[in-house]
*Asks:* 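Below is the structure I would like to discuss, written out as structure tokens.
Chain letters run A, B, ... following the sequence lines, proteins first, then strands; residues in each count from 1.
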Amino acid sequence: MLIGARLIREGVDGVRAGKIVEVEAYIGVDDGASHARFGRTKRNARMFGPPGNAYVYLVYGMYHCLNVVTDSEDRPAALLVRSVQPLEGADLMRRARTELVELRSGRDIARTARARQRVIALPDAALASGPGLVCAAFSIDRHDDGVDLCDPASPLRLEAAPRGEAPPDLAWGPRIGIGYAVEPWRSRPWRVWAVGNGSVSGKAASR
DNA sequence: GCAAAGATTTGCT
DNA sequence: GCAAATCTTTGCC
């Protein structure tokens, strides 16, 4: 179970850590919503790799998404990490988010200033509440594609929740942003989140 | 070789 | 509530 596990980024600036509170599953070449539905390509090659590796890709030209490969080689399956609840290094996450803002706002100085101010004012819980935001907050991009997230020596890695920590109550529903997929894949309830957690992305907070 | 759309987020109408 | 920003990948000519 990935929900409740820790996502950790160690850098020269310090450590960022958070609890995973929302994921989506993309399973097999049959899944009409998965990148693997067209078979193996240059972009999705990591989905066909060994489990525990990261599959990172760029969407909409500006946001990265982090996936954890979950099945054995040649069986493409992955969990998209949609939301993380910050536990440590929130200041570093906020700074990383600010850098993304400047990239996105272009050279409109006034707009950039407003956007940066808005990021600075964000509560910690909102720093990684979305798949693109997780990668922004943890400075994840495609050079992290293929890293072994289960290697304790990796600067970007996963760790199990501490022993004794109560597992969160879970809810599930249809995946987000896959309206292009046909049934039954579009409605398959393969998005799972921690009930009532303030870091779950947007509309997903329901129930 | 070119057009179209995407596992998103933000800001304006 | 809708469109923009932006670029990689897919799909068709």
Side-chain angles (χ1 to χ4, degrees), chain A residues 2-3 20-48 53-71 76-84 93-94 96-123 125-146 172-193 199-205:
Chain A
L2 203 56
I3 300 222
I20 296 174
V21 294
E22 183 186 3
V23 300
E24 279 178 4
Y26 292 86
I27 304 174
V29 292
D30 294 329
D31 183 350
S34 172
H35 286 165
R37 67 189 183 280
F38 298 121
R40 190 184 201 124
T41 65
K42 188 174 183 183
R43 176 174 66 162
N44 68 21
R46 294 298 181 182
M47 288 186 79
F48 293 78
N53 279 12
Y55 164 44
V56 181
Y57 65 91
L58 184 68
V59 278
Y60 301 111
M62 58 175 65
Y63 294 107
H64 295 273
C65 288
L66 170 67
N67 296 254
V68 183
V69 178
T70 54
D71 210 341
L79 289 168
L80 167 67
V81 178
R82 286 192 62 90
S83 304
V84 170
M93 297 183 195
R94 197 169 273 108
R97 286 283 308 272
T98 302
E99 291 170 11
L100 178 77
V101 158
E102 291 170 1
L103 194 75
R104 193 179 178 284
S105 300
R107 40 174 179 267
D108 185 330
I109 305 296
R111 172 190 289 198
T112 302
R114 275 196 306 272
R116 182 193 294 129
Q117 201 57 42
R118 206 175 43 72
V119 170
I120 291 174
L122 282 177
L127 288 174
S129 57
L133 303 181
V134 169
C135 288
F138 283 81
S139 303
I140 296 168
D141 60 31
R142 278 182 308 178
H143 72 253
D144 296 303
D145 189 42
W172 55 92
R175 292 171 287 181
I176 304 289
I178 56 159
Y180 57 86
V182 297
E183 298 290 0
W185 311 110
R186 184 177 10 187
S187 301
R188 205 138 279 191
W190 283 353
R191 180 170 62 88
V192 183
W193 66 97
S199 294
V200 173
S201 69
K203 314 97 196 167

*Asks:* With sequence neighbours excluded, tell me which residues meet side chain to side chain donor-acceptor pair (under 3.5 Å) with A:R94.
*Replies:* A:D124
*Asks:* Hey, what are the protein-to-nucleotides 9-13 of chain C N/O distances that come in under 3.5 Å?
*Replies:*
residue: C:dT10; atom: OP1; partner: A:T41; partner atom: OG1; Å: 3.0

*Asks:* In whole angstrom, give the distance that lies between atom CG of A:L133 and atom P of B:dA7.
*Replies:* 17 Å
*Asks:* Calculate the interatomic distance between A:I178 atom CD1 and B:dA5 atom C1'; express it in whole Å.
*Replies:* 15 Å
*Asks:* Determine: side-chain N/O of A:Y63 to OP1/OP2 of C:dT6, distance under 4.0 Å, yes or no.
*Replies:* no
*Asks:* Using 0.5 Å steps for rounding, measure from the OH atom of A:Y57 to the CG atom of A:L80.
*Replies:* 5.0 Å
*Asks:* Rounding to an integer number of Å, can you tell me how far A:D31 CG sits from B:dA7 P?
*Replies:* 11 Å
*Asks:* Can you identify which nucleotide, out of B:dT9, C:dT6, B:dC12, has its nearest atom closest to the A:M62 side chain?
*Replies:* C:dT6
*Asks:* Without decimals, in angstroms, what is the distance between A:R116 CZ and B:dG11 C1'?
*Replies:* 17 Å
*Asks:* Could you tell me which non-hydrogen atom of A:A96 sits nearest to which non-hydrogen atom of A:A137, and how far apart they are?
*Replies:* CB-O, 3.8 Å
*Asks:* If we take the C1' atom in both C:dA3 and B:dA5, what is their distance in whole Å?
*Replies:* 15 Å
*Asks:* For A:L80, which contact category applies under a 4.0 Å heavy-atom criterion: base, sugar-phosphate, or nothing?
*Replies:* base
*Asks:* Assign the ring pair A:Y55 / A:H35 to parallel, tilted or perpendicular, where the plane angle (0 to 90°) is split at 30° and 60°.
*Replies:* perpendicular
*Asks:* As a quick check of understanding, evaluate side chain to side chain contact (heavy atoms under 4.5 Å, CB included) for A:I3 and A:V23, giving each step before the final call.
*Replies:* CA-CA 7 Å; A:I3 300 222; A:V23 300; 4.1 Å; yes
*Asks:* Considering just the side-chain nitrogens and oxygens of A:R97, establish if one lies under 4.0 Å of OP1 or OP2 belonging to B:dT10.
*Replies:* yes
*Asks:* Give me the atom names and distance for the closest heavy-atom approach of A:R175 to A:A33.
*Replies:* NH2-CB, 3.9 Å
*Asks:* What is the nucleic acid contact for A:G132, judged by heavy atoms within less than 4.0 Å: base, sugar-phosphate only, or nothing?
*Replies:* sugar-phosphate
*Asks:* Let's test this: given Watson-Crick or G-U wobble pairing with both distances under 3.5 Å, identify the partner of B:dC12.
*Replies:* C:dG1
*Asks:* Could you give the distance from CG (A:L66) to CG (A:D141), rounded to the nearest 0.5 Å?
*Replies:* 11.5 Å
*Asks:* Could you state the OH-P distance from A:Y60 to B:dA4, rounded to the nearest angstrom?
*Replies:* 17 Å
*Asks:* Looking at the side chain of A:L58, which of C:dT8, B:dT10, B:dT8 is the nearest nucleotide?
*Replies:* C:dT8
*Asks:* Given the C1' atoms of B:dA7 and C:dG1, what is the spacing between them in whole Å?
*Replies:* 22 Å
*Asks:* Let's test this: given Watson-Crick or G-U wobble pairing with both distances under 3.5 Å, identify the partner of C:dT6.
*Replies:* none
*Asks:* Whole-Å distance between B:dA7 P and A:M47 CE?
*Replies:* 11 Å
*Asks:* Can you tell me if the side-chain N/O atoms of A:R111 get under 4.0 Å from OP1 or OP2 in B:dT10?
*Replies:* no
*Asks:* Mind calculating the distance between CD1 (A:I140) and P (B:dT8) to the nearest angstrom?
*Replies:* 16 Å
*Asks:* Has the side chain of A:Y57 got a donor or acceptor that lies under 3.5 Å from a partner of the other kind on the base of B:dA7?
*Replies:* yes
*Asks:* Can you check whether A:Y180 reaches A:R186 side chain to side chain, under 4.5 Å on heavy atoms?
*Replies:* no
*Asks:* With a non-hydrogen cut-off below 4.0 angstrom, is A:R114 in contact with a base, only sugar-phosphate, or nothing?
*Replies:* sugar-phosphate
*Asks:* Are any of A:R118's side-chain N or O atoms less than 4.0 Å away from OP1 or OP2 of B:dG11?
*Replies:* yes
*Asks:* Specify the separation, in whole Å, of atom CD1 of A:I176 and atom P of B:dG6.
*Replies:* 15 Å
*Asks:* Can A:Y180 be classed as stacking with the base of B:dA5, given a centroid separation cut-off of 5.5 Å and a plane angle cut-off of 30°?
*Replies:* no
